[in-house]
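Just so it is clear, the values below take in all heavy atoms, side chains as well, and ignore hydrogens, waters and symmetry mates.
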Amino acid sequence: MSRKEALSQFIQQIHGRPVVVKLNSGVDYRGVLACLDGYMNIALEQTEEYVNGQLKDKYGDAFIRGNNVLYISTQKRRT
């Protein structure tokens, strides 16, 4: 499996699931992945913003530009 195929498969698996998006600035956004494109632009639902591990704000929907993204990872489902 090529790297591109593996990335595509990962994106399909996490769509609609809770994720953590870490920005280059160190800020974390946690929410449900609604959309992710080839430029790493990310749309989240039920979004929470964390600065230094502390909850700072909650948003319904959020859009994050891909050039700000350090990484995206899955997180355990919310209870």
Side-chain angles (χ1 to χ4, degrees):
M1 177 182 300
S2 75
R3 188 176 216 165
K4 189 173 184 179
E5 290 170 332
L7 178 60
S8 177
Q9 186 177 31
F10 172 72
I11 292 169
Q12 288 175 356
Q13 288 175 349
I14 66 172
H15 187 267
R17 298 192 56 184
V19 296
V20 177
V21 179
K22 180 82 160 189
L23 302 187
N24 296 325
S25 65
V27 176
D28 290 347
Y29 287 91
R30 300 176 188 178
V32 177
L33 182 65
C35 184
L36 176 67
D37 69 11
Y39 297 102
M40 280 297 273
N41 294 318
I42 299 168
L44 295 177
E45 299 171 341
Q46 304 170 30
T47 309
E48 297 175 339
E49 177 182 39
Y50 288 82
V51 178
N52 297 322
Q54 303 261 343
L55 177 62
K56 291 296 178 185
D57 212 341
K58 292 184 178 187
Y59 308 100
D61 296 333
F63 179 80
I64 302 169
R65 285 190 48 172
N67 62 336
N68 295 314
V69 175
L70 182 61
Y71 68 80
I72 182 171
S73 67
T74 58
Q75 76 175 35
K76 294 181 181 175
R77 290 207 181 262
R78 295 179 183 183
T79 55

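To the nearest 0.5 angstrom, Tyr29 atom OH is 6.5 Å from Ile64 atom CD1. Distance CD/Gln46 to CZ/Arg30: 14.5 Å, rounded to 0.5 Å. A distance of 4.0 Å separates CG in Asp28 from NZ in Lys22, rounded to the nearest 0.5 Å.
Heavy atoms only, all atoms of each residue included: Ile72 and Ile42 are closest at CD1-CD1, 4.0 Å. Across Ala62 and Thr47, no two heavy atoms sit closer than the pair CB-OG1, 3.7 Å.
Under the 4.5 Å side-chain contact rule for hydrophobic residues, Phe63 and Ile14 do not share a cluster. Hydrophobic clustering (ILVMFWY, side-chain heavy atoms < 4.5 Å, transitive): Tyr50 and Val19 are in distinct clusters. Hydrophobic clustering (side-chain heavy atoms under 4.5 Å, transitive across Ile, Leu, Val, Met, Phe, Trp, Tyr) groups Leu23 together with Leu36. Residues Leu55 and Val32 do not share a hydrophobic cluster, defined by chaining ILVMFWY side chains whose heavy atoms lie under 4.5 Å apart. In the hydrophobic clustering of ILVMFWY residues, with side-chain heavy atoms under 4.5 Å counting as a link, Val21 and Val27 come out together.
The backbone N or O of Tyr39 sits less than 3.5 Å from a side-chain atom of Asp37, completing a donor-acceptor pair. For the pair Asn41 (side chain) and Cys35 (backbone), a donor-acceptor distance under 3.5 Å is absent.
Counted within 6.0 Å of CD on Gln54, heavy atoms from surrounding residues, nucleotides or ligands total 12 or fewer; the atom is thus considered open.
The shortest side-chain heavy-atom distance between Thr74 and Arg17 does not fall under the 4.5 Å cut-off.
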